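This structure is a prediction, so every number in the text was calculated from the model and none was measured. Residue numbering restarts at 1 for every chain, and letters A, B, ... go by the order of the sequence lines.
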There are 2 protein chains.
Amino acid sequence: MNEVPKKSRRGRPKTLKKADVTDVAMHAYWENGPAEVSLNAICQQAGVSKPSVYREFGNDDGLTHAALSSYADKVLGKMLTITQSEDSFARKLNQLVHLSAEDVLHEHGCLFVKMRTAKAQMGPKTQELIGAIESMSLDAFSKVLSEARAAGSGSGGISVELGARYLQAQIGLALDQRARGEDPKETLALALSVFNTADT
Amino acid sequence: MNEVPKKSRRGRPKTLKKADVTDVAMHAYWENGPAEVSLNAICQQAGVSKPSVYREFGNDDGLTHAALSSYADKVLGKMLTITQSEDSFARKLNQLVHLSAEDVLHEHGCLFVKMRTAKAQMGPKTQELIGAIESMSLDAFSKVLSEARAAGSGSGGISVELGARYLQAQIGLALDQRARGEDPKETLALALSVFNTADT
DNA sequence: ATAATAAAGTACTAAATGGTATAAAATGAA
DNA sequence: TTCATTTTATACCATTTAGTACTTTATTAT
């Protein structure tokens, strides 16, 4: 909303694509864990020089922030879409289970979950974003549960607040299991069965 | 069982206590995460020189192995004791919940869980030990569940194998949450409520 | 042409890491 | 007292890290 200074009139034309570097960083962090990937390695993989990266992102905190922000848009957005759909509570749960426990998208786990695990080692901007994403996801789950309650889909006497924390924890666990190469499908289904008390 | 070569007759008397260094390492890894603590830092904290540590432990893999092994004896042994007790299934679950979700012992989480998360960054001996501990704990939970089934305590139509994996995953999750500063008590209780279908 | 400008890469820095060569120190035996 | 032996710590090594000073290159304006 604030800057489109395109067509800078003078100087060497810029060849570095910030979005491309962000994408390389996002996938590198996602696959290998943010703490295991150096800024040097990302420069190599992206085929750009280190000063270029520092010019665009400031420092490594800027780069991890950009990578996580991009991840939130491209990947976590799919979770949000599910929670905000018009489907029934049961169908929403099914879709969340599929996306987190089966979809190849998360075969290496979830960048957000990995960054949250390494939160203390991240820079301040990235830490703040991790917290913001966590709140946002908790709100989304709360909304799902309160809508279900309003629609009469019994959530087994579980408060909306507890249910949202539980849903977030269980999906995070499943994504963590996938990062370790485990198949979380059955255990996640069992965990979410607490929401089906007398339902069909 | 194999060596007590005490009273070596010659040479400078040894002052380094291997057990003390192991203990310092264990607590440092436990609190800060194994990937965030360097061998240098442990040498400083333990007040010993680096070559001494290399002589005793070989390399960093040897040190992390020793630390995790010590942790398994001192801390995970308490879990094992609970699973092997003569208590009822429900009481065992209660004790496991208390130990992992409330006991100050795990206020910084669990070293095993942290090492498992960082498994790929650990040395081969440590990786092997992580796998062995995981199998052992799975066996312990399986035993608890099959005994409960034999004693008639209904575990809600959940197979022993799935129940054991589920119990391990949920306790691991709770310990992970404690490492992040969250209070897992309510969510863990909710997760384990799947074992109470028609029980009192 | 030439000057100004902006972005590019080369090549560096200081700090930290895991690991080691080596000499000093402390003992028992000769 | 001297020698062999064992453990110690100092001081190094190569590598990797985040971050930067500096020069070169490519463009527009004069």
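Closest approach to the A/Ser49 side chain among D/dT7, C/dG28, C/dG9 is made by C/dG9 (side chain taken as heavy atoms from C-beta onward). Among C/dG28, D/dT20, D/dT7, the nucleotide with an atom closest to any side-chain atom of A/Pro51 is D/dT20.
Atom pair A/Gln44:CD and D/dA18:P shows a separation of 12 Å (rounding to whole Å applied). Between the CD1 atom of B/Ile42 and the P atom of C/dG19 there is a distance of 12 Å, given to the nearest Å. Whole-Å rounding puts the B/Leu16 CG to D/dA9 C1' distance at 12 Å. Remark: C1' of D/dT7 and NZ of B/Lys17 are 14 Å apart, rounded to the nearest angstrom. Distance CD (A/Glu56) to C1' (D/dG19): 16 Å, rounded to an integer number of Å. Between the CE atom of A/Met122 and the P atom of D/dA18 there is a distance of 11 Å, rounded to whole Å. One can place CZ of A/Phe57 at 14 Å from P of D/dG19, the figure rounded to the nearest angstrom. The interatomic distance linking B/Arg12 (CZ) with D/dT7 (C1') rounds to 6 Å, in whole Å.
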For each nucleotide in nucleotides 13-18 of chain C, reading 5' to 3', give B when a protein heavy atom comes within less than 4.0 Å of its base, S when such contact involves only the sugar-phosphate, and - otherwise.
----BB
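The closest side-chain heavy-atom distance from B/Tyr71 to B/Cys110 is below 4.5 Å.
Look at B/Glu86 and B/Arg91 and you find no salt bridge, because none of the NZ, NE, NH1 or NH2 atoms lies under 4.0 Å from a carboxylate O. Taking 4.0 Å as the cut-off between side-chain N and carboxylate O, B/Lys143 and B/Asp139 do not count as a salt-bridged pair. Of the charged side-chain nitrogens involved, at least one lies within less than 4.0 Å of a carboxylate oxygen, so that B/Asp23 and B/Lys74 count as a salt-bridged pair. Between A/Glu102 and A/Arg178, no side-chain nitrogen of the basic residue sits less than 4.0 Å from a carboxylate oxygen of the acidic one, so the salt-bridge criterion is not met. B/Lys14 has a carboxylate O that lies under 4.0 Å from a charged side-chain N of B/Glu56, or vice versa, which qualifies the two as a salt bridge.
B/Glu182 CD: more than 12 foreign heavy atoms inside a 6.0 Å radius.
Close to D/dT7, at under 4.0 Å from its OP1 or OP2, lies no side-chain N or O of B/Ser52. Checking the phosphate oxygens (OP1, OP2) of D/dT8, a side-chain nitrogen or oxygen of B/Thr15 falls inside 4.0 Å.
Side-chain N or O atoms of A/Asp61 include one that pairs as donor or acceptor with a backbone N or O of A/Lys125 at under 3.5 Å.
Nearer to the 5' terminus of DNA chain C, by closest-nucleotide assignment, is the contact made by B/Gly58 (compared with the other of B/Gly58 and B/Pro13).
Inter-axis angle, ends of the helix from C/dA1-D/dT30 to C/dA30-D/dT1, five pairs per end, rounded to 10 degrees: 30°.
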A/Arg165 and A/Glu161: CA distance, side-chain angles, deciding distance, salt bridge (Lys or Arg N to Asp or Glu O under 4.0 Å) verdict
CA-CA 6 Å; A/Arg165 279 195 289 127; A/Glu161 189 266 339; 2.8 Å; yes
